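Structure first, commentary second.
Positions are given from 1 along the sequence. Just so we're clear, the structure is a prediction, and the values are computed from it rather than from any experiment. Just follow the structure's listing: the first ligand is 1, and inside any ligand the first atom is 1.
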Amino acid sequence: MDIFKEFTFEAAHRLPNVPPNHKCSRLHGHSYRVEIHVRGPVGERTGWVMDFSDIKDAFEPLRQRLDHYYLNEIEGLENPTSENLSRWIWKRLRPTLPQLSRIVVRETCTSGCVYQGEDD
Ligand SMILES: Nc1nc2c(c(=O)[nH]1)N=C([C@H](O)[C@H](O)COP(=O)(O)OP(=O)(O)OP(=O)(O)O)CN2
Ligand SMILES: [Zn+2]
C-alpha cells in the first residue's frame, strides 16, 4: 500500500536557463507543497505501513534546508525547476527512507511534477 504525508515550505527562485523575457527568469516565490509517498505492506498488528510521524522526521531536515531560502543558492538546485527539486529531495531522502516510492512537488495550485526515482 502507498501512504503519503504532505509538507509545505516557502521559497524564492528564478529559472536561469529560460529566455530573458520568460516570466520565470525573474526572481519570484512559491508556497511549495511536497507529498512524500512510502510503499510497503500493512503491518498486521500496527495496521499501518509506517507511522506518518516517521515520514515527517525523515523529511524535516530537508524541509529546513529549503524553507525561506533562495533555492538557486542551494548546492544542486542551481536550476530549481519542480523536476530538479523532486530529484534533489529524492537523492537525499531515499537513504534514510528506503521505502520512498514517489515525490509530488507542487509549485502553484495548477503546476507540479511527480517523480518515482526513474533516473535515480
Ligand atoms: N516543466 C516546468 N515548467 C515550468 C516550471 C518548472 O519547474 N517545470 N516552473 C515555472 C515557474 O517556476 C512558474 O513560477 C510556475 O509556472 P506556471 O504554472 O507557468 O505559473 P503560473 O501560476 O503563472 O501559471 P498560470 O496557470 O499561467 O497562471 C514555469 N514552467
Ligand atoms: Zn517559479
In terms of heavy-atom contacts, does CD of Glu118 have more than 12 from other residues, nucleotides or ligands at under 6.0 Å? yes
Tyr69, OH atom: more than 12 neighbouring heavy atoms under 6.0 Å: no
Among all the protein's non-hydrogen atoms, which is closest to [atom], and how far away is it?
atom	result
atom 16 (O) of ligand 1	Ser111 OG, 4.2 Å
atom 22 (O) of ligand 1	Thr108 CG2, 3.8 Å
atom 26 (O) of ligand 1	Thr110 OG1, 3.8 Å
atom 29 (C) of ligand 1	Cys24 SG, 3.4 Å

Under-4.0 Å protein heavy-atom contact, [atom]:
atom	value
atom 4 (C) of ligand 1	no
atom 7 (O) of ligand 1	yes
atom 1 (N) of ligand 1	yes

Mind checking whether His22 has an N or O less than 3.5 Å away from an N or O of ligand 1?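 No - when backbone and side-chain N and O of His22 are compared with those of ligand 1, no distance drops under 3.5 Å.
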Under 4.0 Å from a heavy atom of [X]: give me the atoms of ligand 1 that qualify, with their elements.
X	answer
Glu107	6 (C), 7 (O), 9 (N), 10 (C), 11 (C), 12 (O), 13 (C), 14 (O), 15 (C)
Leu15	9 (N), 10 (C)
Ser82	6 (C), 7 (O)

Give the name of the N/O/S atom in His13 that lies closest to the Zn ion (ligand 2).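 Distance check against the Zn ion (ligand 2) picks out NE2 in His13.
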Please examine the side chains of [Y] and [X], heavy atoms only from C-beta on, and report whether any two atoms are closer than 4.5 Å.
X	Y	value
Asn79	Leu15	yes
Asp51	Asp57	no
Ile103	Trp88	no
Val105	Tyr115	no

Tell me which one of His37, Glu35, Gln116 satisfies side chain to side chain donor-acceptor pair (under 3.5 Å) with Arg102. Gln116
Hey, which of Glu10, Arg106, Glu107 is the one that makes side chain to side chain donor-acceptor pair (under 3.5 Å) with His30? Glu107
Would you please classify the geometry between the Phe9 ring and the Tyr32 ring as parallel, tilted or perpendicular, with 30° and 60° separating the classes? parallel
Counting only heavy atoms, which portion of Thr81 has something under 4.0 Å from ligand 1: side chain, backbone, both, or neither? both
Counting only heavy atoms, tell me which of His30, Glu83, Lys23, His13 gets closest to atom 27 (O) of ligand 1.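 Result: the heavy atom closest to atom 27 (O) of ligand 1 is in Lys23.
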